[in-house]
**Q** 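One structure, as C-alpha cells, below. Some questions next.
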Amino acid sequence: MLETERLAEVRERIARAAKVARRDSADVTLIAVSKTHPPEAIVPLIEAGQRVFGENRVQEAEAKWPALAERYEDLELHLVGQLQSNKAEAAVRLFDAIHSVDRPSLVEALARAIDTTGRSPTLFVQVNIGDEPQKGGCEVAELPALLERAHGAGLAISGLMCVPPASVEAAPYFALLAKLGRDQGLPLLSMGMSDDFETAVMLGATHVRVGSALFGARA
C-alpha cells in the first residue's frame, strides 16, 4: 500500500473514532512519526496534505528536516522521543512542539533555551502512566510538583503525553491521562499510536502519534 493510501485510511479511522465519541475529528491532530524514514518516504505524505510530523531524535531531525522545511514552509515538527538536557537548545530551535518534558533538569534546560532562542514550542509533560522503570516520563504522583516547577521556571505547559505498557489494553491508561489533564487544567493530550490511536481518540486524545500505520515497517 502506498503512503498516500495509508494516510487516507488513517484519517478515515480517526474520523470514525471521533464520530463514535461525538467529537469533531478536526480537534485531533495526526502526527506522522517519520523517525528512521528518509525524506523520499516523507514527501508523498506532504504532497498529500499532511503537515505535522514527529521525530524521536534531535540529531536525526537536524539531518533531514531543514531542507524539507525550506521546500514546504508550513510544516510543523514535533519531538516525540526522549530529550537530553544538553540537546534542549537544539530542540527548541528545530521543533514546534516537545512531548517529553519529564524531569526538573530538563525543565530548567528548556527554560534557558527558550530564553536564549526566543522560540516557545508547545510543551507536553510525559507521564510514566504505567509506572514502568524502563520508560521515560514523570511518575503520576510527581506530576503536580513538576508542573509547579515548570510554572516557576516560566514554562507554559499545554498538555500531557503517555505511552501505555505494551501488550495490555490501553484504554484505562488513556482514561487516567485524560483525568490527570482535567485535574491540572491542561487541554492537550498526546496519546495513541498505530495500534491504539482509535481508542485514544475516543478517550479524548488531541494528538495521536502514528508511524508504522503510515510508513510501514521502520526503515
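Below, each value reflects all heavy atoms present in this structure, side chains not excepted, and no hydrogens, waters or symmetry copies.
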**Q** If you take all heavy atoms of Ala18 and Asp24, which pair is closest and at what distance?
**A**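 Taking Ala18 first and Asp24 second, the nearest heavy atoms are CB-C, 4.3 Å.
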**Q** Are Leu77 and Leu188 linked, directly or through intermediate hydrophobic residues, by side-chain heavy-atom contacts shorter than 4.5 Å (ILVMFWY only)?
**A**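 Not linked; separate clusters.
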**Q** When you measure from the side chain of Glu5 to the backbone N and O of Leu2, does any donor-acceptor pair fall under 3.5 Å?
**A**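 Checking the backbone N and O of Leu2 against the side chain of Glu5, a donor-acceptor pair under 3.5 Å is found.
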**Q** Do Glu89 and Arg112 meet the salt-bridge criterion of a basic N to acidic O distance under 4.0 Å?
**A** no
**Q** Give a yes or no on whether the backbone of Ala205 and the side-chain of Arg23 come within a donor-acceptor separation of less than 3.5 Å.
**A** yes
**Q** Looking at every non-hydrogen atom in both residues, tell me the closest pair between Leu7 and Ala48 and how far apart they are.
**A**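 Closest approach of Leu7 to Ala48: CD2-CB, 3.8 Å.
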**Q** Tell me, with the steps shown, if Phe174 and Leu189 meet side-chain contact (heavy atoms from CB on, under 4.5 Å).
**A** CA-CA 9 Å; Phe174 293 153; Leu189 296 173; over 6 Å; no
**Q** Rounded to the nearest 0.5 Å, how far apart are CG of Leu180 and SG of Cys162?
**A**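 Nearest 0.5 Å value for the CG-SG distance: 9.0 Å.
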**Q** Looking only at atom types and distance, does a side-chain atom of Arg209 sit under 3.5 Å from a main-chain N or O of Ser190, one as donor and one as acceptor?
**A**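 Such a contact is found between Arg209 side chain and Ser190 backbone.
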**Q** Heavy-atom count check: over 12 atoms from other residues, nucleotides or ligands less than 6.0 Å from Asp27 CG?
**A** yes
**Q** Should we say atom CZ of Arg57 is surrounded by more than 12 heavy atoms from elsewhere, each under 6.0 Å from it?
**A** no
**Q** Please report the shortest heavy-atom distance between Ser100 and Leu106, naming the atom on each side.
**A**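 So the minimum-distance heavy-atom pair works out to O-CD2, 3.5 Å.
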**Q** Does some side-chain heavy atom of Val210 sit less than 4.5 Å from a side-chain heavy atom of Ile14?
**A** no
**Q** Linking I/L/V/M/F/W/Y whenever any side-chain heavy atoms sit under 4.5 Å apart, do Leu123 and Val127 land together?
**A**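 Yes: a chain of side-chain contacts under 4.5 Å links Leu123 to Val127.
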**Q** Give the ring-plane orientation class for His99 versus Phe124, where under 30° counts as parallel, over 60° as perpendicular and anything between as tilted.
**A**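 It falls in the parallel class, under 30°.
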**Q** Do any N or O atoms from the side chain of Gln50 and from the backbone of Val52 form a donor-acceptor pair under 3.5 angstrom?
**A** yes
**Q** Is it possible for you to say whether Val33 and Leu68 belong to one hydrophobic cluster, with membership spreading through side-chain heavy-atom contacts below 4.5 Å?
**A** no
**Q** Could you walk me through whether Arg13 and Glu198 satisfy the side-chain contact (heavy atoms from CB on, under 4.5 Å) test, starting with their C-alpha distance in whole Å, then the side-chain angles of each, then the deciding distance to 0.1 Å, before giving a yes or no?
**A** CA-CA 7 Å; Arg13 288 168 63 187; Glu198 289 152 303; 2.9 Å; yes
**Q** From Glu169 CD over to Thr199 OG1, what is the distance, rounded to the nearest 0.5 angstrom?
**A**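 Going from CD on Glu169 over to OG1 on Thr199, the span is 5.5 Å.
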**Q** In terms of hydrophobic clusters joined by side-chain contacts under 4.5 Å, are Ile42 and Val80 together?
**A**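 They do not share one cluster, since no chain of ILVMFWY contacts under 4.5 Å joins Ile42 to Val80.
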**Q** Do Val125 and Glu142 come within less than 4.5 Å of each other through their side chains, counting heavy atoms only?
**A**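 A side-chain contact is absent here, since even the closest heavy-atom pair is not under 4.5 Å.
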**Q** Looking at every heavy atom in both Ile98 and Pro121, which two are closest together, and how far apart are they?
**A** CD1-CG, 4.1 Å
**Q** Please check: side-chain N/O of Glu76 versus main-chain N/O of Phe53, any donor-acceptor pairing under 3.5 Å?
**A** no
**Q** Answer yes or no: are there more than 12 heavy-atom neighbours, outside Glu70 itself, under 6.0 Å from its atom CD?
**A** no
**Q** Determine whether more than 12 heavy atoms belonging to other residues, nucleotides or ligands lie under 6.0 Å from atom CD of Gln134.
**A**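 Above 12, so yes.
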**Q** Does any N or O in the side chain of Lys19 come within less than 3.5 Å of the main-chain N or O of Ser25, such that one atom is a donor and the other an acceptor?
**A**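 No.
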**Q** State plainly whether one hydrophobic cluster holds both Met202 and Val208, where clusters connect Ile, Leu, Val, Met, Phe, Trp and Tyr through side-chain heavy atoms under 4.5 angstrom apart.
**A**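 No: no chain of side-chain contacts under 4.5 Å links Met202 to Val208.
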**Q** Show the nearest heavy-atom pair for residues Val201 and Ala21, with the distance to one decimal.
**A** O-CB, 4.4 Å
**Q** What's the separation between atom CG in Leu30 and atom NE2 in His207, rounded to the nearest 0.5 Å?
**A** 10.5 Å
**Q** Report the distance from atom CD of Glu47 to atom OH of Tyr72, rounding to the nearest 0.5 Å.
**A**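 Here the interatomic distance stands at 3.5 Å.
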**Q** Any chance the side chains of Ser158 and Thr122 put a donor and an acceptor closer than 3.5 Å?
**A** no
**Q** Answer yes or no: is there a donor N or O on one side and an acceptor on the other, between the side chain of Arg119 and the main chain of Val92, under 3.5 Å?
**A**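 Checked: pair present.
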**Q** Between Lys35 and Glu55, is there a salt bridge with N-O shorter than 4.0 Å?
**A**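 Salt bridge between Glu55 and Lys35, a charged N being under 4.0 Å from a carboxylate O: no.
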**Q** So, taking the atom named CE in Met191 and the one named CG in Leu203, what distance separates them when rounded to the nearest 0.5 Å?
**A** 5.5 Å
**Q** Which pair of heavy atoms, one from Val58 and one from Ala91, lies closest together, and at what distance?
**A**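 Result for this residue pair: CG2-CB, 4.0 Å.
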**Q** Any side-chain to backbone donor/acceptor pair from Asn128 onto Glu139? Under 3.5 Å, distance only.
**A**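 Such a contact is absent between Asn128 side chain and Glu139 backbone.
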**Q** Can you tell me how far the CG atom of Leu83 sits from the CG atom of Leu110, to the nearest 0.5 Å?
**A**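 Those atoms lie 6.0 Å apart.
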**Q** Looking at Pro38, is its backbone amide N or carbonyl O close enough to the side chain of Lys64 to form a donor-acceptor pair, meaning the two atoms are under 3.5 Å apart?
**A** no
**Q** Decide side-chain contact (heavy atoms from CB on, under 4.5 Å) for Asn56 and Leu79; before the verdict, give the C-alpha distance in whole Å, the side-chain angles of both, and the deciding distance to 0.1 Å.
**A** CA-CA 6 Å; Asn56 261 36; Leu79 179 65; 5.8 Å; no
**Q** Go through the steps for Val101 and Val107 under the test side-chain contact (heavy atoms from CB on, under 4.5 Å), then give the verdict.
**A** CA-CA 7 Å; Val101 181; Val107 163; 3.9 Å; yes
